[in-house]
Amino acid sequence: MKRYSQYSTNVSDFSDVPFWKKAGTMDLVYVSYGIFIVILVIVSYILGAFNLLPFDPHEINIKLLMAPPKTAGHILGTDFMGRDILSRLIIGIQAYFLPGLLAIAIALVIGTCFGILAGYWGGGFDTAITYINNLLNSFPRLVLILLMVAAFKPDIYYIMVIVGITNVPVVASLIKGKIQFLKQKYFIEAATALGLKNRIIIFKHILWHNCRSVLIIQATLGMAEAILMETSLSYLGFGVQEPIPSWGNMVLSGANYFMQGKFWPSTAPALAILFTIMGFHLLGDGLNNILEMKRSK
Amino acid sequence: MKLSAIRPILLLICKELAIASLLLLGVSFIVFIILFLSPGDPFSLLLKGQMASDTIGAGTREALGVPTAWYAQYLSWLSNILRGNFGTSIRTGLPVLSEVIRVGINTLYLTIGSMLVTLLLAVPIAILSARRGMTVFNWTSTIFTYIVSALPVFWFGYIVIYISMHQFGLFPLAFGSSSQKIGWLYFMPPVLVLGIGNGTISEVVRYLREEMERVFSEDYIRLARAKGASIWKHSLKEGFLIPITEIIASKIPFILGGAVVVEQVFNWPGMGRMAWQAAQDRDYPLIMGITIVAAIIVRLGSLIKSVVYIIVNPRASQE
């Protein structure tokens, strides 16, 4: 996930002007492309879940090995075992969709708790959480995951738990910064003076009204991170294993034929990775520009 | 400089060193916990197939002086690590530390080279867009950095291999043929691939641009501009040196992680490929050694960042 600088410390305003009128054109383009990708991913996931596919993704067709795109109804061609690439791409979304959501949920929940502890109460909590953040940042993520693979041979869900935990520091530091900034504001002081419970101040006035957009942005960026991790690991052979399609292991299985000039079996999943990750990045950054930086045009 | 001026800086550097060693202690603890929890410790692996029953195994354990309590195991393990004894690789039987250092040099070439490539691409884009504001060049370069950041590095590696094989007749898979005259050319494809495809370019550009824009709008830069002095000279420290060291230090883990994939694609005999092999073979001591060395590299990077920050900005020691 990305770390944004001090720009993202704004109190949310409740003016009547809708946010899309204040936003820059480019940011709107980013966000609409991102939303398009998100919808595409969700629709494909549902299609895959209900098995509404052009072909059976596991059906081996020996007569049509490595068929180029647009042969015999195979829009994206077939792979080295004659399986339809488009169907495998759609099914491949299942490899990261739910695990990615799990990673996001872990990062957001634990990160928010840490951020609240460090930002609202400060003191010893702050020191402890800064230490934990630095500790988690000391590991290259892929190396840490490889260590876990060597130790436990975990499946993709456990790997995504680790991805989520390594994303905790980013969320925690963002929430912490936001709360430390908000605590100087009069409305928090007024809420304390009125005798509101800490619970209400934190969940309603801080998290819901002011940290909502930060969390949404971090969720989209976290999904991009999860997709990158899943595909990299599946490419390395530690994530989703071969008969089950994943975009990462599709690139790997097509790679042997890449040098012979047969590009499509690995290029199709690679482009899917490229456009999807770019969509989530653009969505996160566009939302950040629109909701957090309040760049007015 | 007088000693009185240097002393607070030295104190601060000592403090950073203390923090770094404390963090490395935590790193070693996490690594130990993972290994401790993993099914089958190296000891039982050693005994497997040699001892018939558990009781004899336990007896051997005591006879060899292997402690059973976890904290005692941790302490003896840690004291071994501190003496540079990382154990021996299960697969090859060679001492881990010397193996990791032997291949770590290759990874160091790869990561430093690719960091330079990233900076060579990102810095001009950041400077131009910070100076000129939002122009056509700026938008195209931003889109370019987004595409490049989302590029799956393994596939990009194949494209570069394909092009360098078919267009230039280079076989980057032939590592170690550096004795030839154009040996350095074989190093280029992986360095380029990792430099472009490590997924950090858009963040580096974004961060550098924001910092530069912030510094350019400071009052002292306005004054420098009004006087007709060079604004580059005045903004160099705050607008360039500090952000660059900061972003490099925070991106080291990402580049090391990307190195795992790129080394796999290019058969580069580095730490990442060794980590992959170790994970494949479940070679605990080796992957443990690699993780600790990688964490040391990351901490070293952030130590250098803090030192640069303190030296460039002596006010930090006054606070």
Side-chain angles (χ1 to χ4, degrees), chain A residues 2-7 24 26 30 131-132 134-153 166 224 227-229 231-233 235-238 247-248 251-252 254-255 258-259 261 263 266-267 269-282 285, chain B residues 19 22-24 26-27 30-31 34-35 37-39 134 139 142 146-147 149-156 158-159 161-162 165 199 202-203 206-207 210-211 214 250 252-261 264 272 275-276 278-284 287-288 290-291 294-295 298-299 302:
Chain A
K2 301 187 183 181
R3 186 186 300 271
Y4 289 108
S5 52
Q6 66 275 17
Y7 288 95
M26 228 35 209
Y30 286 2
Y131 178 77
I132 294 175
N134 282 331
L135 194 58
L136 284 176
N137 280 333
S138 308
F139 294 103
R141 192 167 310 166
L142 211 48
V143 176
L144 184 64
I145 291 173
L146 288 186
L147 177 69
M148 288 295 202
V149 167
F152 302 111
K153 274 277 174 211
T166 48
I227 297 172
L228 188 66
M229 269 298 140
T231 50
S232 304
L233 276 171
Y235 170 76
L236 291 174
F238 298 118
W247 293 353
V251 174
L252 178 64
F258 197 91
M259 296 308 143
F263 304 113
S266 59
T267 302
L271 288 180
I273 297 171
L274 172 62
F275 289 122
T276 313
I277 292 183
M278 199 168 85
F280 280 102
H281 277 167
L282 287 177
D285 286 2
Chain B
I19 292 174
L22 209 62
L23 281 169
L24 284 178
V27 164
I30 290 184
V31 171
I34 291 172
L35 291 186
L37 291 178
S38 68
M134 293 294 158
W139 285 121
T142 312
Y146 271 115
I147 292 176
S149 297
L151 203 62
V153 66
F154 30 93
W155 178 66
F156 184 48
Y158 289 132
I159 293 180
I161 292 178
Y162 187 83
M165 260 167 61
S202 81
E203 270 178 88
R206 187 191 176 101
Y207 182 75
E210 276 175 9
E211 285 295 298
R214 186 180 63 76
S250 67
I252 288 176
F254 290 85
I255 294 177
L256 281 177
V260 176
V261 178
Q264 193 58 29
W276 180 84
Q280 198 82 296
D281 303 336
R282 313 194 67 177
D283 191 343
Y284 306 114
I287 184 91
M288 173 206 82
I290 291 167
T291 313
V298 173
R299 279 295 121 210
S302 88

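Residue numbering restarts at 1 for every chain, and letters A, B, ... go by the order of the sequence lines.
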Heavy-atom contact with chain B under 4.5 Å, split by part of [X]:
{"X": "A:F275", "answer": "neither"}
{"X": "A:Y30", "answer": "side chain"}
{"X": "A:T267", "answer": "both"}
{"X": "A:L271", "answer": "side chain"}

When only pairs under 4.5 Å are counted, which of [options] shares the most heavy-atom pairs with chain A?
{"options": "B:A294, B:P253, B:S302", "answer": "B:P253"}
{"options": "B:D283, B:T291, B:V27, B:L23", "answer": "B:L23"}
{"options": "B:Q280, B:M288, B:Q264", "answer": "B:Q280"}

Under a 4.5 Å heavy-atom cutoff, which of A:A150, A:S232, A:P269, A:A255 has the most pairs with chain B?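 Heavy-atom pairs under 4.5 Å are most numerous for A:A150.
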Looking only at heavy atoms and a cut-off of under 4.5 Å, which of A:V143, A:L146, A:T231 has the most pairs with chain B?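 Result: the option with the highest number of such pairs is A:L146.
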Using heavy-atom distances under 4.5 Å, tell me whether [X] contacts chain A through its side chain, its backbone, both, or neither.
{"X": "B:T142", "result": "side chain"}
{"X": "B:I147", "result": "both"}
{"X": "B:I159", "result": "both"}
{"X": "B:L37", "result": "both"}

Sub-3.5 Å donor-acceptor pair from the side chain of B:W155 to the main-chain atoms of A:V251, do we have one?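 Judged by distance alone, no pair lies under 3.5 Å.
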I'd like to know if the side chain of B:S149 reaches the main chain of B:S202, judged simply by a donor and an acceptor atom lying under 3.5 Å from each other, with no hydrogens or angles considered.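 Between the backbone of B:S202 and the side chain of B:S149 there is a qualifying donor-acceptor contact (under 3.5 Å).
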Restricting to side chain to side chain donor-acceptor pair (under 3.5 Å), what partner residues turn up for A:S266, sequence neighbours left out?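 Applying side chain to side chain donor-acceptor pair (under 3.5 Å) to A:S266 gives none.
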So do A:W247 and A:T276 actually touch side chain to side chain, heavy atoms under 4.5 Å?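 A side-chain contact under 4.5 Å exists here.
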Would you say that A:P140 contacts B:V298 through its side chain, given a criterion of any heavy-atom pair below 4.5 Å between the two side chains?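 A:P140 reaches B:V298 side chain to side chain.
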Any residue meeting side-chain contact (heavy atoms from CB on, under 4.5 Å) with B:I30, in chain and number order, not counting sequence neighbours: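 Partners of B:I30 under the side-chain contact (heavy atoms from CB on, under 4.5 Å) test: A:L135, A:F139, B:I34.
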Mutual orientation of the aromatic rings belonging to A:Y235 and B:F154 [parallel < 30°, tilted 30-60°, perpendicular > 60°]: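 Aromatic pair A:Y235/B:F154 classed parallel.
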With rounding to the nearest 0.5 angstrom, report the CD1 to CG distance, A:I273 to A:L228.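 Interatomic distance, A:I273 CD1 to A:L228 CG, rounded to 0.5 Å: 8.5 Å.
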Note: B:E210-B:R214 ion pair, threshold 4.0 Å (strictly below):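 B:R214 and B:E210: not salt-bridged.
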